[in-house]
Protein chains: 2
Amino acid sequence: MSTMSETTSTRAARLSDVARLAGVSAATASRALNGSDRGVREANRAKVLEAAKTLGYTTNVAAQAVARGRNRGVTLVVKGIPEDYANPIISGVVTAAQRRGLPVTITSAGTDPADLVEAVHNARSHRPEILMITGGRATDDATIPELVDALQRYEAEGGRVVLITQPGLPFDTVAYENRKGGYDMAKTLAGLGYRNFAVISGMKHGLTQRDRTAGFIEGLAESGIQLPADRVLIGEFTRDAAYAMTGDLLRRGIPVEAIFAVNDAMALGVLTFLRDAGRSIAVAGFDDIQALRDVTPSLSTVHLPWDQVADEALTMAMGPRGDEPRTIMIEGHVVVRESTPSVVP
Amino acid sequence: MSTMSETTSTRAARLSDVARLAGVSAATASRALNGSDRGVREANRAKVLEAAKTLGYTTNVAAQAVARGRNRGVTLVVKGIPEDYANPIISGVVTAAQRRGLPVTITSAGTDPADLVEAVHNARSHRPEILMITGGRATDDATIPELVDALQRYEAEGGRVVLITQPGLPFDTVAYENRKGGYDMAKTLAGLGYRNFAVISGMKHGLTQRDRTAGFIEGLAESGIQLPADRVLIGEFTRDAAYAMTGDLLRRGIPVEAIFAVNDAMALGVLTFLRDAGRSIAVAGFDDIQALRDVTPSLSTVHLPWDQVADEALTMAMGPRGDEPRTIMIEGHVVVRESTPSVVP
DNA sequence: TTGAAAGCGCTAACAG
DNA sequence: CTGTTAGCGCTTTCAA
């Protein structure tokens, strides 16, 4: 009668189906397919593998996770994927995990602090072995206690937590020498002959930008240059905000020779504004993200070894847990490119 | 004796713990916490919610998935995350799913066709409601049958599959009018006054680039311009390959006025090479990815509405399945920017 | 509206 | 090396 439309909702093949077809017990099939054990006779293993293939069997990871109590692999929580399309940490972690044969699951949290907490709750509900969190943190973040609580509970339950970028929380952390990077950049720019600076920075309470800015100011001071407070502009941590801030800055008519943006995305905004405005001012950034390598002029910045960051994080997560939370600091180094030509005679 | 180190490996709170604390049955707790039902007295619901909070309870999604037979949300399989850091589809899907309150899981497949198959197997093992796959496909891809098989099984088991970008497979698909885009671009460039062209294209059997190239050639032909076969260069589908290919092209000494790269990433490679070589030739791309908006000269390209693409895909996936696989074609439109100035007198 | 009980598909002792 | 037997934590009939 009815046209043979595919209403036939097959049941997915289960382990027991495979076992039956192979003529072994479910336990043996399990061992052959997913067990870390070696204990399966070769003949049986082959039979099971073949049965699985003809049945199109796929492990039900959910069931596996329930039985084992944990999900294999790492869950990476990233703040604001939609905005930050070129997040270098994502590809770093994916690559590093792939190399170790670990499945990675990426989940995106909104940019709001509360979103992060929610995303962590979600991630936790998947019971992954490793939970990695990346994205800046602010000192005035009211959700921190809640976040820490959720994470601590998670660790108490046997999960491993590694934070990237957010030092100061009681968990294993990989962070960068933001202050030193800013400091080095200041020295470098001073060495290049610049004297009049401005800093384009992000949210007032953001840890990352605060340290980078502080380091920069310190470096200038050591070079005998005082940075007036009104030369530090603060706004959103984005390219667009930086674009706008640069406009504000120039409109004030201050004779700036070089602008330090606390990250590359913002530096890009600065660069673009200057180009649009037909102004020629030196610009430096921080991060050295891949996505910017074709920008003109090429951007002077503080290079951060992203793959290494990801790798250290994973190594930490896979090793035994220490008595105390550890923090690995990654150093960057200044790379001078075209955006900051020497002005020394 | 022993320092009170945190060896206490707590068990994660379970539903039954919550139920006990709230003084109700597990069934009721379940209904209050995750059930779509309404049938729980308000007083009880409140008690359960509070108990869950004090216990720091998080649903065990794995167990939930086992019990329900499916995992809520969409799993997005992306080809080659590490390389393609600026994949516009990722952010589109994340955004669209977020808007609908659907959890998204992103998994990365290598660039090799076999990797895709493996990634699909993996994704399938999570039993998500919706499986979305994105990434180009080649006509000579030997793994297609296997891929189709895995996907069909998945659908037979009740899952929903949506392909983005890979028309011609028996699944619901969202694709772009690649041919038309290439065609329009050719007409546009011809209208701008260009006469001598070259095309920088990707893998020989790649569907996407093939269509874009074919459309472009057709558009030129209609404008009375024949494109000699040796003006179509073929290589990897990447910025770096395009960079190298442009070098090859110019070394041949052919008088090219405009280069059409089949995607923006490649166009970027072309642009950069030309800049490095100090040559001034018009360049056009395809995709209009966000990441390139600050490039100089700004890139003329075929704009594709990525968010709409993602949205259509999700709408398709959430609606009822049709008798036949449907394909939604998304049209792009040419955007002329600085990289292709008019040469008409 | 609520609870008891029977699974969901898999793994992990424990014998054999 | 292999099978048997319990669960893992949650949902979902089915009765009450």
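All figures in this text were calculated on a predicted structure; none of them were measured in a lab. These numbers come from the heavy atoms of this one structure, side chains and all, not from hydrogens, waters or symmetry mates. So you know, we letter chains A, B, ... as the sequences are listed, proteins then strands, and number each from 1.
Atom pair A/Asn60:CG and D/dG9:C1' shows a separation of 14 Å (rounding to whole Å applied). In this entry the distance linking CZ of B/Arg70 with C1' of C/dC8 reads 13 Å, nearest Å. Going from atom CG of B/Leu33 over to atom P of D/dT12 covers 14 Å, rounded to whole Å. We find that CG of B/Leu15 is positioned 19 Å from P of C/dC8, with the value rounded to whole Å. Distance, B/Asn34 CG to D/dG9 P: 15 Å, rounded to whole Å. In this structure, B/His126 places its NE2 atom 17 Å from P of C/dG9, rounding to the nearest Å.
Checked against C/dT11, D/dT12, C/dG3, the side chain of B/Ser30 finds its nearest nucleotide in D/dT12. Listed candidates were C/dC10, D/dT4, D/dT11. Nearest to the side chain of A/Ser25 is D/dT4.
For the 3.5 Å distance criterion, the side chains of B/Thr75 and B/Arg127 fail to qualify, holding no donor opposite an acceptor. There is a side-chain donor-acceptor pair under 3.5 Å between A/Asn34 and A/Thr59.
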Let me have the donor-acceptor pairs involving side chains of residues 142-149 of chain B, under 3.5 Å, with sequence neighbours excluded, atom names and distances please.
residue: B/Thr143; atom: OG1; partner: B/Asp141; partner atom: OD1; Å: 2.6
residue: B/Thr143; atom: OG1; partner: B/Asp141; partner atom: OD2; Å: 3.4
residue: B/Asp149; atom: OD2; partner: B/Arg153; partner atom: NH1; Å: 2.9

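Checked for salt-bridge contact, A/Asp112 and A/Lys79 miss the test: no charged N lies under 4.0 Å from a carboxylate O. Ion pairing between a basic and an acidic side chain is recognised when a charged N comes within 4.0 Å of a carboxylate O; B/Arg321 and B/Asp172 show no such pairing.
The two residues B/Ala29 and B/Val24 make their nearest non-hydrogen contact at N-CG2, 4.1 Å.
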Distances for protein N or O near nucleotides 6-8 of chain D N or O, under 3.5 Å:
residue: D/dC8; atom: O2; partner: A/Ala67; partner atom: N; Å: 3.2

Between N or O atoms, less than 3.5 Å apart, protein on one side and nucleotides 13-16 of chain C on the other: list the pairs.
none

For this session: Using the side chain to side chain donor-acceptor pair (under 3.5 Å) rule, take A/Ser25 and A/Arg20 through it: C-alpha gap first, then chi angles, then the decisive distance, then the call.
Result: CA-CA 7 Å; A/Ser25 73; A/Arg20 194 176 316 116; over 6 Å; no

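Residues B/Val61 and B/Arg72 form no side-chain contact, since every pair of their non-hydrogen atoms from C-beta on lies 4.5 Å or further apart.
A/Gln166 places a side-chain N or O within 3.5 Å of a backbone atom of A/Gly135 that can act as its donor or acceptor partner.
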